[in-house]
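I have a structure I would like to understand better, so I am pasting it below and will then ask my questions one at a time.
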Amino acid sequence: MTVKCLNHQRSLEFICYQCNSLMCSRCITGHNKDHPDHANQCEHIDDIKDSLSTLKLDDIIYSNTTTINNHINNDSTNNDSVKNSNNNNNSHSYINNKLKSLWESLRSSTTRYQSLSTTENDIKQHFEQLHQYLIREEHKLQRDIINDKQTITNQIDNNIINLKYLLNIIMLFNKLNNNNNNNNSNEDTSVIEDTTTLYSTTIMESITTSSSLQSFINHNNQTLFNEHNFKYNNYFNIDELLKQHDNDLTSLLLDIIHKYNNQFNESTTNTDNNNLTLSSYKLSIKQPDFNQLDSIIEQSIKLDRIESTESINTTTKNNNDNKQSYIFTTHQSRGATLINTSNNYSIEELEFDYQFTYTTSSIISIGEYIYVFGGIENEWKWIKFSIRSKSIEHIGDIEGIKGDYLISVCYDGQDHIYLVNGYHIKNRIDRFNIKTMKFESYHQLPVGYGMQVSSMIFKGSLYSVSHNQNKMFQFDLTNRTITDHQIDIKPSSACHDNNGNFFIFDMASKRFIKYNVETKQTNNLNSIPLKNGQFPFVIFHRESPTSSYIYSFGTTNDYHIRRGASTSITL
């Protein structure tokens with residue numbers, strides 16, 4: 001490594017952090033003259049050593065500040081004054097400030113991560129509660145059914161034992177009469193162990209499929225009713241009984257039946273299924289309205305992104321610095337204009353083969369994409385336009401619902417764009433899933449609602465402003481009820497801020513108002529100036545968290561923007 005300046009053969013004493021150059025005392029003077037903006041970012045090696053010698057890592061603490069000075073305050077271009085300035089303010093040394101910045105970033109990032117983890121866990125617990133609630137409801141409904149099933153299973157097991165006892169009597173009688181080959185059972189040397197736990201469920205299938213008792217016995221002759229599985233001594237002592245009855249088979253048989261009756265007394269054992277004191281059930285299942293269920297769940301939990309004024313200190317440029325805001329306005333003919341409101345309203349003309357006439361209220365932006373539905377020449381088409389690629393990425397058919405033009409659209413912030421009425425259709429609310437790209441009919445509106453000029457979803461309700469009528473309607477997405485709002489203006493065009501406010505223009509009276517859907521209050525705004533009697537469209541555009549505007553667009557070139565539709569988008 002070079003330790004001396006190649007130009008002046010002097011020792012290197014300075015470093016410029018801006019251009020990362022090492023310089024001698026001669027170089028620094030010229031460098032500061034050529035780059036006056038670098039003067040406060042140059043530091044002498046003596047100041048660096050002084051700052052390192054006095055540096056205390058214990059003094060570097062997390063102050064929770066959002067701005068860390070990473071630069072060196074040095075106003076002098078003279079070698080001595082540079083040294084004196086730095087000696088008087090070692091706290092501003094590069095390494096010291098860099099350490100502070102890194103520690104601030106580490107603490108801040110850790111705090112943010114822990115906060116995100118807490119929020120993530122809260123979301124998990126919320127849905128875990130919903131899950132547990134459904135499980136409890138499921139078990140509550142199943143509880144009596146399970147108990148009754150167990151009662152029936154126990155009865156079947158008891159009846160099988162009862163049946164086996166009777167068959168045992170028959171087989172014993174036949175054996176004692178040396179008539180084993182004429183019995184209801186078949187001799188088989190293969191034996192499968194008879195275990196109640198093995199047959200409790202499968203035995204029911206056998207009972208159901210057997211047409212008679214004999215077929216049931218034959219079907220289970222290797223398990224339940226296998227001759228070698230009958231343990232006579234479990235029921236009675238044959239040898240002892242024969243002695244007691246002097247080998248009299250008739251007397252023996254009566255005695256065995258008597259013992260059977262003692263063991264399976266009707267008062268203690270119920271063999272009649274009709275006498276079971278079990279409840280009957282009638283199950284009615286109605287498939288829930290999943291759209292309504294979605295709305296209920298969405299209202300039970302909400303995650304809002306809060307823009308932070310604190311940026312994460314990294315070596316890469318913050319993406320927020322690159323955000324751009326645009327107004328996308330279509331032409332009466334094919335094509336569109338893209339206005340960059342973040343770059344001195346620069347204009348870019350876009351050319352593509354799609355007709356946008358009468359899509360004024362049918363265009364909406366979501367993320368980097370702009371969706372357009374219908375149009376006078378494309379009633380059964382929809383498109384997806386990318387602001388990044390500045391091209392149409394998809395043209396699709398409107399299937400499953402009716403196409404139209406002047407459809408009023410709004411976005412629920414999740415997966416669906418809602419489509420309200422149109423020029424011809426007067427009684428529909430449909431929706432489009434942006435993930436599956438499928439349309440579906442959603443709700444049939446009553447008579448009295450025609451074309452809508454603007455629609456908005458706000459706090460679980462869809463609000464829509466009727467064209468040229470003194471009203472708008474509120475559609476509750478949870479219970480699907482409709483409430484009318486009377487307004488003292490006949491809307492020609494309108495827009496909204498997605499936060500409960502509509503901005504409505506009445507061309508006949510030249511009035512322009514702001515209407516709040518929660519307070520139902522109306523505020524008069526300055527009227528929109530008209531040129532040559534042209535029809536204006538209005539659009540709300542939020543350029544930043546603290547800056548919002550309403551733009552109006554006319555129907556001809558002399559009214560600033562060519563006719564069509566428009567929307568705003570921020571990336």
Inset, instruction - Report yes if some heavy atom in the side chain of Ile429 is under 4.5 Å from a heavy atom in the side chain of Leu419; otherwise report no. - result: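 Of all side-chain heavy-atom pairs linking Leu419 with Ile429, none is under 4.5 Å.
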
Taking the basic N atoms (NZ, or NE/NH1/NH2) and the acidic carboxylate oxygens, is any pair closer than 4.0 Å for Glu348 and Lys390?
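Salt bridge present between Glu348 and Lys390.
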
Less than 4.5 Å apart, side chain to side chain, heavy atoms only: is that true for Thr522 and Asn516?
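No, their side chains stay 4.5 Å or more apart.
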
Checklist entry - Do side-chain atoms of Ser461 reach the backbone of Ile457 as a donor and acceptor pair under 3.5 angstrom? => result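 Absent.
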
Q.
Using 30° and 60° as the class boundaries, would you call the ring planes of Tyr442 and Phe475 parallel, tilted or perpendicular?
A.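 Perpendicular, since the angle between the ring planes exceeds 60°.
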
Aromatic ring centroids of Phe540 and Phe503 under 6.0 Å?
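Centroid separation for Phe540 and Phe503: below 6.0 Å.
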
Measure the spacing between OG of Ser21 and CD1 of Ile28 and express it to the nearest 0.5 Å.
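One gets 9.5 Å once the value is rounded to the nearest 0.5 Å.
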
**Asked** Under 3.5 Å, is there a donor-acceptor pair linking the side chains of Gln474 and His485?
**Response**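 Checked: Gln474/His485 side chains pair up, N/O donor to acceptor below 3.5 Å.
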
message: Using a 6.0 Å cut-off, check whether atom CD of Glu351 has over 12 heavy atoms from anything other than its own residue.
response: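 Atom CD in Glu351 is not packed in, count stays at 12 or less.
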
(message) Tell me whether Ser53 contacts the main-chain N or O of Lys49 through its side chain, where contact means a donor paired with an acceptor under 3.5 Å.
(response)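 Yes, the answer is positive, given that a donor and an acceptor are paired below the 3.5 Å cut-off.
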
key: Test item: Ser117 side-chain N/O and Tyr113 main-chain N/O as donor-acceptor pair under 3.5 Å   =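 Yes; judged by distance alone, with no hydrogens or angles, the pair exists.
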
Exercise for review: Decide, yes or no, whether a salt bridge links Glu393 with Lys384 under the criterion of side-chain N to carboxylate O below 4.0 Å.
Suggested key: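 No, no charged N to carboxylate O under 4.0 Å.
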
Does the ring center of Phe14 lie less than 6.0 Å from the ring center of His44?
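Centroid distance Phe14-His44: below 6.0 Å, so yes.
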
Please answer whether the main-chain N or O of Ser325 pairs with a side-chain N or O of Thr341 as donor and acceptor at a distance below 3.5 Å.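 Yes, because the side chain of Thr341 sits within donor-acceptor range (under 3.5 Å) of the backbone of Ser325.
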
With no hydrogens and no angle check, just 3.5 Å: does a side-chain donor-acceptor pair link Ser455 and Ser464?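 Note: Ser455 and Ser464 side chains meet the donor-acceptor criterion.
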
Examine distances only and state if a side-chain atom of His496 and a backbone atom of Asn498 form a donor-acceptor pair shorter than 3.5 Å.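 Yes; at least one donor-acceptor contact below 3.5 Å.
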
Item to check | Between Thr357 and Gln355, a side-chain donor and acceptor under 3.5 Å | outcome: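 Short answer, yes.
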
Nearest heavy atoms of Cys16 and His31, plus distance in Å
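Heavy atoms of Cys16 and His31 come nearest at SG-NE2, 3.5 Å.
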
Under 6.0 Å between ring centres, would you say that holds for Tyr515 and Phe502?
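Ring centroids of Tyr515 and Phe502 are no less than 6.0 Å from each other.
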
Q. Quick one: does Ile482's side chain get under 4.5 Å of Leu445's, heavy atoms only?
A.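 Counting from C-beta outward, Ile482 and Leu445 do come under 4.5 Å.
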
Lys381 vs Ile395 side-chain heavy atoms within contact, under 4.5 Å: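 When only atoms from C-beta onward are counted, Ile395 and Lys381 do touch, with a gap below 4.5 Å.
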
Do other residues, nucleotides or ligands put more than 12 heavy atoms under 6.0 Å from Tyr133 OH?
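Atom OH in Tyr133 is not packed in, count stays at 12 or less.
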
### Query
Is the side chain of Ser115 donor-acceptor paired with the backbone N or O of Thr111 at a distance under 3.5 Å, no angle test?
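Not confirmed, Ser115 side chain does not pair with Thr111 backbone.
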
**Study point:** Salt bridge flag under 4.0 Å for residues Asp506 and Arg511
**Key:**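 Judged by the 4.0 Å cut-off on N to carboxylate O distance, Asp506 and Arg511 do not form a salt bridge.
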
Original post:
Are the side chain of His35 and the backbone N or O of Asp37 linked by a donor-acceptor pair below 3.5 Å?
Top reply: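 Side chain of His35 to backbone of Asp37: no pair is present.
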
Under a plain distance cut-off of 3.5 Å, with no hydrogens placed, do Asn433 and Asp415 share a side-chain donor-acceptor pair?
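Side-chain D/A pair, Asp415 to Asn433: absent.
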
- Name of the residue among Tyr354, Phe328, Tyr326, Tyr369 meeting ring-ring contact (aromatic ring centres under 6.0 Å, His included) with Phe385: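 Between Phe385 and the candidates, ring-ring contact (aromatic ring centres under 6.0 Å, His included) is satisfied uniquely by Phe328.
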
Item to check | Donor-acceptor contact present, side-chain Asp412 to main-chain Gln414, <3.5 Å | outcome: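 Yes, the answer is positive, given that a donor and an acceptor are paired below the 3.5 Å cut-off.
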
Decide whether His126 and Ser300 meet the rule of one side-chain donor and one side-chain acceptor closer than 3.5 Å.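 There is such a pair (donor and acceptor under 3.5 Å, judged by atom type) between the side chains of His126 and Ser300.
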
Item checked: Whether Gln18 side chain and Gln41 backbone form a donor-acceptor pair below 3.5 Å ->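 No, Gln18 side chain to Gln41 backbone: no donor-acceptor pair under 3.5 Å.
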
- Task: Walk me through it: do Ser361 and Gln452 pass the test side chain to side chain donor-acceptor pair (under 3.5 Å)?
- Result: CA-CA 8 Å; Ser361 55; Gln452 307 298 117; over 6 Å; no

| message | I'd like to know if Arg428 and Asp430 make a salt bridge, using a cut-off of under 4.0 Å between side-chain N and carboxylate O. | response |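 Judged by the 4.0 Å cut-off on N to carboxylate O distance, Arg428 and Asp430 do form a salt bridge.
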
Side-chain H-bond candidate by donor/acceptor type, Ser362 with Thr359, under 3.5 Å
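No - no donor-acceptor pair under 3.5 Å links their side chains.
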
Item to check | Candidate list His38, Glu43, Lys98, test side chain to side chain donor-acceptor pair (under 3.5 Å), partner Tyr17, passing option | outcome: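 That would be Glu43.
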
Give a yes-or-no answer on whether the side chains of Gln125 and Gln129 include a donor-acceptor pair shorter than 3.5 Å.
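Side-chain D/A pair, Gln125 to Gln129: absent.
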
*asked:* With a 4.0 Å cut-off on N to O distance, would you call Arg542 and Asp497 a salt bridge?
replied: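 No, this pair does not count.
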
**Considering all heavy atoms, the nearest Ile504-Ile487 contact** =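 In terms of heavy atoms, the two residues are closest at CD1-CD1, 4.2 Å.
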
Could you check whether the rings of Phe373 and Trp382 sit parallel, tilted or perpendicular, using 30° and 60° as the cut-offs?
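Parallel, since the angle between the ring planes stays under 30°.
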
